[in-house]
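Just so you know, these numbers come straight off a predicted model, no measurement behind them. Side chains included, hydrogens not; waters and symmetry mates left out as well; all remaining heavy atoms used.
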2 protein chains.
Amino acid sequence: MIIDKSSPIPQYFQLQTWLMEQIDQGVFRPDDQVPTEKELGQLTGLARATIRQAVGNLVNIGYLVRHRRLGTYVLDRKKENGKRTIIGILIPDIRTGYAPELARGAEDEAARQSHSLILCNTDDSYIMANRHADRLIEAQVSGIIFIPTANPVERNRLFIEKFTRRDIPVVLADRTIPGMAVDHVTTDNFQGALDLTSYLIKMGHRRIAIILNSALSTERERLEGYQAALAQNDIPVDPEIVIAEAGPFSNEHYQEYISSLLDRRDRYTAIFAGHDRIARLIYSTARDLGLDIPGDISLVGYDDLPFTTFSLTTMLQPIYELGRESLKLILSRIRGENGEPRRIVLKSNLVERSSVKALN
Amino acid sequence: MIIDKSSPIPQYFQLQTWLMEQIDQGVFRPDDQVPTEKELGQLTGLARATIRQAVGNLVNIGYLVRHRRLGTYVLDRKKENGKRTIIGILIPDIRTGYAPELARGAEDEAARQSHSLILCNTDDSYIMANRHADRLIEAQVSGIIFIPTANPVERNRLFIEKFTRRDIPVVLADRTIPGMAVDHVTTDNFQGALDLTSYLIKMGHRRIAIILNSALSTERERLEGYQAALAQNDIPVDPEIVIAEAGPFSNEHYQEYISSLLDRRDRYTAIFAGHDRIARLIYSTARDLGLDIPGDISLVGYDDLPFTTFSLTTMLQPIYELGRESLKLILSRIRGENGEPRRIVLKSNLVERSSVKALN
DNA sequence: ATTGTCTATTTGTCTATACAATAATACTGC
DNA sequence: GCAGTATTATTGTATAGACAAATAGACAAT
């Protein structure tokens, strides 16, 4: 029997629970009709008012929908979920690097599709990310765009599971998390770095320093691209001029690495900066030391941030598109598309300006 | 009588409506007990089940709360309102000018107080702002931080009323709307411009050009500060070198104004740029024309955006603080503080770099 | 072919009644 | 004074029955 009349649990509540179970277990599926009130009465032996109370509660919390004369139907949770039109985006810092461009790309697409974007700054800290996570769940976001923090894989994994446990889809933007099967939108960092390094080699540079943050998947891929380009040209890697430390770094930290790199400038003729922000720091540090770029040292960056005052040869990443594509992907998941995790890779383009001197 | 038995409107609904009216009109106030089901029965002549249906609905939508044995009480809407922890922020473009800094200031304070921030880009267009508005209302934001668009006062007024009609408080950040009594957080643009112009005069400049967007209240105030400084020093205003056009401008539009201003460079020795973004454009345009700053023309800006590569003397606005204060203010309103619209003015500081040549 | 009418079914509204659970308050016994 | 007990008002749960309103679908009228 469905209802235990002797139980202290109210009978309407027993019926309500039973109905929810049937729905959750797929016995009653979305858009199916559930038994009519009369049938439920025969099934349970309860009075119609009691049945109405149970069904009414389920209507209130969005499990069922009633149609006069037609019966009561199971509501499609996914469809309902799609009605909450808020998506969370977790970015290290909206003020730095490509963050504004990415956020704008995502927001434009969100607005176009009648969704709103909650902005969260993580400062690359998993503690902050987790605080945001709890708030976002409470705000009933229906999806998450996440730029993984510069922290161990495990930390990022736990963060993501907080959402997936609740059936809230997550898309990784730009950076990925090794070993995790999650949707991911990124650019071709390996190919980009390979092209960029090959360009330096073509310009006559053979001793090329590189400085990057190896806590970030994107920059690790760039390192691999750099190594591949050297290998293709039979140039051995000089570990003395490969600075690949892991961590969430402040400008001050980078400054130290840059200074020590500039101290060893007899070992190389060009620097590959892991991203434009480092490139800018290198530029201003070099200038303060009286060094000319590209006169004394050639320099390339990665990102193509807007500078206007400093003419950096760099790899243009389609960051605005990256934001848009991330949002499109998360929306398709919210709308119920399931299947294998997808990986979208956008092409980058070399932008040749005047921070590289030809040596040949 | 409260209930019209002959009406086609269901009696439970009539009772429900009546109760809501009593609450909204303050007959039953927050935390008051409403009549017990028995009393309502005597009052209306309805059966208890009907009364329970009416009251039950009001409990569901958050008007009332029932306590077994104690009675039914009016819920404090404000208290409930405070539970929705989302605030909307409408900014022209997260990618340009001080927007990232402002957004970060607001988001940090929001996170500190367990609130979330929905980011909206308006591109200074009231059409986009209105589209966002509808979405934000649907998302049930409990407050709005708004940077007015570069559009006529009326447009901005209508936008704000959309929210105030629904008891959603609005705080204006940075820019204001003339003639509207709304909370406002800004910087001392008049004093800042006065100081900045006085500085130029102290450096020996007497013919000072100014270029700004007069659609923005902030820049209008800066124009007044500029005029006041000239007046204090008995310098007449030369209308030929005051470019104060109104509109939402693209870089290309500004470029034209700048070019025409640079054509007349015999009439002035220094340019006061209405904001740093124009200053940057002036700098690069001048450089393309072979002009040196400050050698040929002195230049000051307003904002203190991070440049690193171009050393601009400018007025530092505490934008991060502006974002934080805006959020603090909106939260105090959300929490029920009422009273006269407040106006918070933050101090700016002159940052002396090397874009001004001393003429004396 | 379109429009109107009827019928059966299902949910929507409403009454009258009963007992249960809860908790503030008063009372009782020590 | 204080712990336990009884009282009692109030909401919570439940039943049985009735009529209303909407509407899909069948059928009739135009």
Is the phosphate of [N], meaning OP1 or OP2, less than 4.0 Å from a side-chain N or O of [X]?
{"X": "A:K5", "N": "D:dT15", "result": "yes"}
{"X": "A:Q33", "N": "C:dT10", "result": "no"}
{"X": "B:Q53", "N": "C:dT13", "result": "yes"}
{"X": "A:T72", "N": "C:dT11", "result": "yes"}
{"X": "B:T50", "N": "C:dT15", "result": "yes"}

(message) I want to confirm an ordering. Mapping B:F13 and A:G71 to their closest nucleotides on DNA chain C, which one lands closer to the 5' end?
(response) A:G71
(request) Identify, with sequence neighbours excluded, every residue that meets ring-ring contact (aromatic ring centres under 6.0 Å, His included) alongside B:F163. (result) B:F159
What is the separation between atom [atom1] on [X] and atom [atom2] on [N], rounded to the nearest whole Å?
{"X": "B:L40", "N": "D:dT10", "atom1": "CG", "atom2": "C1'", "value": "13 Å"}
{"X": "B:L15", "N": "C:dT13", "atom1": "CG", "atom2": "C1'", "value": "14 Å"}
{"X": "A:R52", "N": "C:dT11", "atom1": "CZ", "atom2": "P", "value": "8 Å"}
{"X": "B:I51", "N": "C:dT13", "atom1": "CD1", "atom2": "C1'", "value": "14 Å"}
{"X": "B:L70", "N": "C:dA21", "atom1": "CG", "atom2": "C1'", "value": "13 Å"}
{"X": "A:E37", "N": "D:dT15", "atom1": "CD", "atom2": "P", "value": "14 Å"}
{"X": "A:Y12", "N": "D:dT11", "atom1": "OH", "atom2": "P", "value": "16 Å"}
{"X": "A:I9", "N": "D:dA14", "atom1": "CD1", "atom2": "P", "value": "11 Å"}

(message) Both A:Q14 and B:P8 contact DNA chain D. Taking the nearest nucleotide for each, which residue is further toward the 5' end?
(response)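 Mapping each residue to its closest nucleotide by heavy atoms, the 5'-most match is A:Q14.
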Identify which nucleotide among [options] has an atom closest to any side-chain atom of [X], counting heavy atoms from C-beta outward.
{"X": "A:T36", "options": "C:dA16, D:dT15, C:dT10", "result": "C:dT10"}
{"X": "B:L46", "options": "C:dG12, C:dT15, D:dG12", "result": "C:dT15"}
{"X": "A:R68", "options": "C:dT15, D:dT11, D:dA22", "result": "D:dA22"}

(message) Looking at A:R48 and C:dG12, is any side-chain donor or acceptor paired with a base atom of the opposite kind under 3.5 Å?
(response) yes
(request) Give a yes or no on whether a donor-acceptor pair under 3.5 Å exists between the nucleobase atoms of C:dA24, that is its base, and the side chain of B:R69. (result) yes
(request) Under the salt bridge (charged side-chain N to carboxylate O under 4.0 Å, His left out) rule, what do B:E138 and B:R135 come out as? Steps first, then yes or no, please. (result) CA-CA 5 Å; B:E138 225 180 306; B:R135 266 212 339 275; over 6 Å; no
(message) Strictly by salt bridge (charged side-chain N to carboxylate O under 4.0 Å, His left out), give each pair with a member in residues 53-74 of chain A just once, sequence neighbours left out.
(response)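 Sorted result for residues 53-74 of chain A: A:E37-A:R66.
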(message) Tell me whether the count of non-hydrogen atoms from other residues, nucleotides or ligands lying under 6.0 Å of CD in B:E340 goes above 12.
(response) no
(message) Nearest 0.5 Å, please: how far is CD1 in B:I177 from NE2 in B:H184?
(response) 9.0 Å
